[in-house]
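Inspection log for the structure reproduced underneath, given as structure tokens.
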Protein chains: 2
Amino acid sequence: MPQSVPDRQEEAHRLVAAVAGRTTAMRVNVLAILLATPHPLSHLDVLAALGEGVDRVTVYRVLDWLTDAGLAHKLAGDDRVWRFAAAHSTPHHHAHFHCQHCGRFYCLDQISTELPVVLPSGFVAEQIEITIKGACADCRR
Amino acid sequence: MPQSVPDRQEEAHRLVAAVAGRTTAMRVNVLAILLATPHPLSHLDVLAALGEGVDRVTVYRVLDWLTDAGLAHKLAGDDRVWRFAAAHSTPHHHAHFHCQHCGRFYCLDQISTELPVVLPSGFVAEQIEITIKGACADCRR
DNA sequence: ATCAAGTCGCCACCCGATTGCAATAAGGGT
DNA sequence: ACCCTTATTGCAATCGGGTGGCGACTTGAT
């Protein structure tokens, strides 16, 4: 079905197979799409990239599975929509850019979220999420 | 109706009156609740604090109005729920803490979001949102 | 006191996400 | 290569935070 995702298929297959759990076509295809895209994708984006005849719920579950398996990141935007990005090369901790105009998300690999934060006593940080909002290069024209 | 919010009522009234637009009981009450709470509240939290007989939709609109008026901040959490905090003393740019266990949000006034970020060319930052996830002091016990 | 414009309250509705369950496919054991 | 167990998929229904529409009611300027 996804002739629009030619490459990354093998890479995705290798990554999925390396994880405990079954290696299904759906998981491989979805991961291939995420790998081929430089910015985080919404569930709807993934569904569109897969083409017709794919069940929404399955994609939800596959994306969650990929997230649990550590192969993808899940991030929440202001529009109450989940975005997913492949975890692959990108270091696990980086910031995101959210364009207020076109709504697109970008990964800002250069910006680390490894901040030396000082929390109130008793608080323990497990993860830091940084989202920069503004206008992307495309929308500035 | 809100005998549970004794103080802050006058302060809230003063703040609402200082803004262009009508000074309604609903706006004053909701702002008083936000002022009386040290951490951001969800729409449901506010509704519960107001007591019975208050319309959901009105609270949604009041919260949006307060946000537009600059009297409250609106922030998105992982659970796809808006949280609102009084803008009052708190500097406009600060980080938030999200407890993964109890789901509560805290304002981290000490941590500024005035970072010297370097964006790809053409990108313009308008706002930076930092959310630190982990376990709060209460849940660590 | 009057009255137009701004708000409130109730209705139904939107849409992303989730749950339940039967049908199907993956892959280990033989 | 086949079978059988079990995880995954597909479909339908549902959930739940949030929104739009519109008549009734306040607000506050006149």
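Quick note: numbers below take in every heavy atom, side chains included, and nothing from hydrogens, waters or symmetry partners. For clarity, every value in this text was computed on a predicted model and none was experimentally measured. Residue numbers begin at 1 in each chain, while the letters A, B, ... track the order of the sequences.
- Partners of B/Tyr60 according to the side-chain hydrogen bond (donor to acceptor under 3.5 Å, both in side chains) rule, which considers only residues two or more places apart in sequence or in another chain, are B/His43.
- For the side-chain hydrogen bond (donor to acceptor under 3.5 Å, both in side chains) criterion with A/Asp78, the lone passing option out of A/Lys133, A/His98, A/Gln100 is A/Lys133.
- Computed from coordinates, the B/Asp55 CG to D/dA24 C1' distance equals 13 Å when rounded to whole Å.
- Residue-to-nucleotide contacts include a donor-acceptor pair under 3.5 Å from the side chain of B/Arg56 to the base of D/dG18.
- What separates CZ of B/Phe84 from C1' of D/dG18 is a distance of 10 Å, to the nearest Å.
- At the phosphate of C/dA17, OP1 or OP2 sits under 4.0 Å from a side-chain N or O atom of A/Tyr60.
- Distance, A/Leu31 CG to D/dT8 P: 15 Å, rounded to whole Å.
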Protein proximity profile, nucleotides 19-30 of chain C - base contact B, sugar-phosphate-only contact S, no contact -, cut-off 4.0 Å on heavy atoms: BB----BBS---
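- Taking A/Arg83 as the reference, A/Asp79 meet the side-chain hydrogen bond (donor to acceptor under 3.5 Å, both in side chains) condition, with sequence neighbours excluded.
- Listed by first then second residue, pairs satisfying salt bridge (charged side-chain N to carboxylate O under 4.0 Å, His left out) with a partner in residues 17-46 of chain A number zero, not counting sequence neighbours.
- By the ring pair (Phe, Tyr, Trp, His ring centres under 6.0 Å) test, A/His13 pairs with no residue at all, sequence neighbours left out.
- Take B/Phe97 and apply the ring pair (Phe, Tyr, Trp, His ring centres under 6.0 Å) test, not counting sequence neighbours, and it matches A/Phe123.
- Rounded to an integer number of Å, the gap from CH2 of B/Trp82 to C1' of C/dG16 is 14 Å.
- Taking atom CG of residue B/Leu44 and atom C1' of nucleotide D/dC15, one finds them 14 Å apart after rounding to whole Å.
- Counting to the nearest Å, the C1' atom of D/dC15 and the CZ atom of B/Arg80 are 10 Å from each other.
- In this structure, the CG atom of A/Leu47 is 14 Å from the P atom of D/dT9, given to the nearest Å.
- Atoms CG (B/Asp64) and P (C/dT7) sit 13 Å apart, rounded to a whole Å.
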